[in-house]
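First the structure, in the form of structure tokens, and then the observations on it.
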Amino acid sequence: MSVDRIVDFFKIAEKLECEYRLTRMSDDAPQAVASHSWNMAMMAMVLKPYLKVPVNIERVYELCLLHDLPEAIAHDVPLHEQTDEVRAKKHVDEIVAVNQIVRLLDSDEIRARFDEYDMRASAESRLVKALDVLDTAVQHLCAQDLAYVGGFANNFYWKMFFSPDFAAFFDFEPVMRGVFDEIKQRVARRLKDELNIDAGDFVK
């Protein structure tokens, strides 16, 4: 591995700090994708002692850091914009980005981490996917003003957040489900108190 390639990789990784998600932070700024990855690693550290299924926490941290790294090249696409055609293009773009990153680092281990996350075959990758979803829930709790969430595709995000399918992401670990249920209750109270919206309206 040459030093110039390491430096080139660091330049790619920095771009994740410049890539923004739809979710907003407590100061009403959009959330950087790198911030999202950091939040996931923080949650993993705190939740680790309570997990029913033991995990290799170092690998969990690696997956947290890497799981959205292709977006530094391919960019993030909000879920409500992901038609079948958009998803297909996104998938191809992310494969190209992963290949570029792996070639740059010349690392079979990094390739294995990307594949592990995509396949969800390990306890670590399943946990990281759940943390990915949980961070969205946390941002719904922390956002300064929740009014923006309902402004996309006829309450697309609230219908998803309060759906059984969303909650099912956390069923494999009791502590994860417990944390999500607490967040969901608090978000529902915020919607009622601040916007006079009944969360039950989003449940079919």
Side-chain angles (χ1 to χ4, degrees), residues 16 19-26 30-72 74 76-80 82 87 90-91 94 98 109-143 146 149 152 156-188 190 199 202-204:
L16 209 61
E19 189 70 28
Y20 292 96
R21 289 156 54 85
L22 193 69
T23 46
R24 295 184 189 168
M25 308 290 285
S26 55
Q31 183 187 32
V33 179
S35 172
H36 161 67
S37 300
W38 179 88
N39 284 347
M40 290 168 57
M42 184 65 72
M43 289 189 289
M45 180 186 71
V46 172
L47 292 169
K48 179 181 178 290
Y50 309 104
L51 297 175
K52 193 166 118 179
V53 177
V55 295
N56 179 326
I57 196 65
E58 181 179 352
R59 198 150 92 241
V60 169
Y61 294 151
E62 290 174 353
L63 292 171
C64 287
L65 290 170
L66 288 171
H67 83 288
D68 274 344
L69 185 58
E71 292 180 4
D76 180 55
V77 180
L79 277 175
H80 73 280
Q82 291 188 24
R87 272 193 295 273
K90 181 175 184 289
H91 180 67
E94 290 185 353
V98 167
E109 183 177 357
I110 297 297
R111 166 73 71 185
R113 291 293 170 266
F114 281 123
D115 290 345
E116 178 181 358
Y117 182 72
D118 283 343
M119 293 171 62
R120 311 280 196 272
S122 65
E124 288 79 9
S125 60
R126 289 190 292 272
L127 174 63
V128 171
K129 180 56 185 177
L131 292 170
D132 182 31
V133 178
L134 187 63
D135 183 54
T136 299
V138 170
Q139 294 313 127
H140 287 337
L141 180 62
C142 295
L146 287 177
V149 181
F152 302 97
F156 171 88
Y157 290 104
W158 288 136
K159 290 174 182 175
M160 179 174 63
F161 179 73
F162 289 104
S163 71
D165 287 344
F166 198 87
F169 274 109
F170 313 106
D171 281 344
F172 71 102
E173 277 288 354
V175 67
M176 297 284 290
R177 182 58 191 262
V179 168
F180 171 70
D181 286 346
E182 175 66 19
I183 292 171
K184 183 169 70 170
Q185 289 171 17
R186 293 192 192 188
V187 171
R190 280 196 66 189
F202 304 119
V203 180
K204 292 181 181 180

**Study point:** Euclidean distance, Phe114 CZ relative to Glu109 CD, rounded to 0.5 Å
**Key:** 12.0 Å
Point to revise | Step-by-step side-chain contact (heavy atoms from CB on, under 4.5 Å) determination, Met45 to Tyr61 | key: CA-CA 9 Å; Met45 180 186 71; Tyr61 294 151; 3.3 Å; yes
Check your understanding: Taking all non-hydrogen atoms of both residues, which atom of His67 and which atom of Cys64 are closest, and how far apart?
Key -> ND1-O, 2.8 Å
Review point. Are side-chain heavy atoms of Ser125 and Met119 found at a separation under 4.5 Å?
Key: no
Point to revise | Side chain proximity check, Asn39 to His36, heavy atoms < 4.5 angstrom | key: no
Practice item. Kindly indicate whether the side chain of Asp132, heavy atoms from C-beta on, has any atom under 4.5 Å from the side chain of Tyr117. Key: yes
Exercise for review: Please find out if less than 6.0 Å separates the ring center of Tyr157 from that of Phe202.
Suggested key: no
Practice item. Please round to the nearest 0.5 Å and tell me the distance separating atom CD of Glu182 and atom CG of Leu141. Key: 8.5 Å
Exercise for review: Please report the closest heavy-atom contact between Met43 and Leu131, naming both atoms and the distance.
Suggested key: CE-O, 3.6 Å
Practice item. Answer yes or no: is there a donor N or O on one side and an acceptor on the other, between the side chain of Glu19 and the main chain of Asp76, under 3.5 Å? Key: yes
Check your understanding: Is the shortest heavy-atom distance from the side chain of Arg24 to the side chain of Gln139 under 4.5 Å?
Key -> no
Review point. Roughly how far, to the nearest 0.5 Å, is the CG atom of Leu47 from the CD atom of Glu173?
Key: 9.0 Å
**Study point:** Min side-chain heavy-atom separation His91-Arg87 under 4.5 Å
**Key:** no
Practice item. Starting at CG of Leu79, measure out to CZ of Arg21 and round the result to the nearest 0.5 Å. Key: 9.0 Å
Practice item. Quick one: closest heavy-atom pair of Phe162 and Val187, and the distance? Key: CZ-CG1, 4.3 Å
Exercise for review: Determine yes or no for a side-chain-to-main-chain donor-acceptor pair under 3.5 angstrom, with Glu94 supplying the side chain and Pro70 the backbone.
Suggested key: no
Review point. Which pair of non-hydrogen atoms, one from Ala137 and one from Ile183, has the smallest distance, and what is that distance?
Key: O-CG2, 3.4 Å
**Study point:** Salt bridge Glu62-Arg59, side-chain N to carboxylate O under 4.0 Å
**Key:** no
**Study point:** Contact check, side chains of Phe170 and Val133, non-hydrogen atoms, under 4.5 Å
**Key:** yes
Check your understanding: Which heavy-atom pair separates Leu16 from Ala72 by the least distance, and what is that distance?
Key -> CD1-N, 3.6 Å
Review point. Rounded to the nearest 0.5 Å, how far does OG of Ser37 lie from CG of Leu63?
Key: 11.0 Å
Point to revise | Val128 to Met40 - nearest heavy-atom pair and separation | key: O-CE, 3.4 Å
Check your understanding: Do Val98 and Arg111 come close enough that some side-chain heavy atom pair is under 4.5 Å?
Key -> yes
Check your understanding: Do the ring planes of His140 and Trp158 sit parallel (below 30°), tilted (30 to 60°) or perpendicular (above 60°)?
Key -> tilted
Practice item. Flag the pair Leu22 / Phe152 as yes when at least one side-chain heavy-atom distance between them is below 4.5 Å, and no otherwise. Key: yes
Point to revise | Spacing of Phe169 atom CZ and Leu134 atom CG [to the nearest 0.5 Å] | key: 11.5 Å
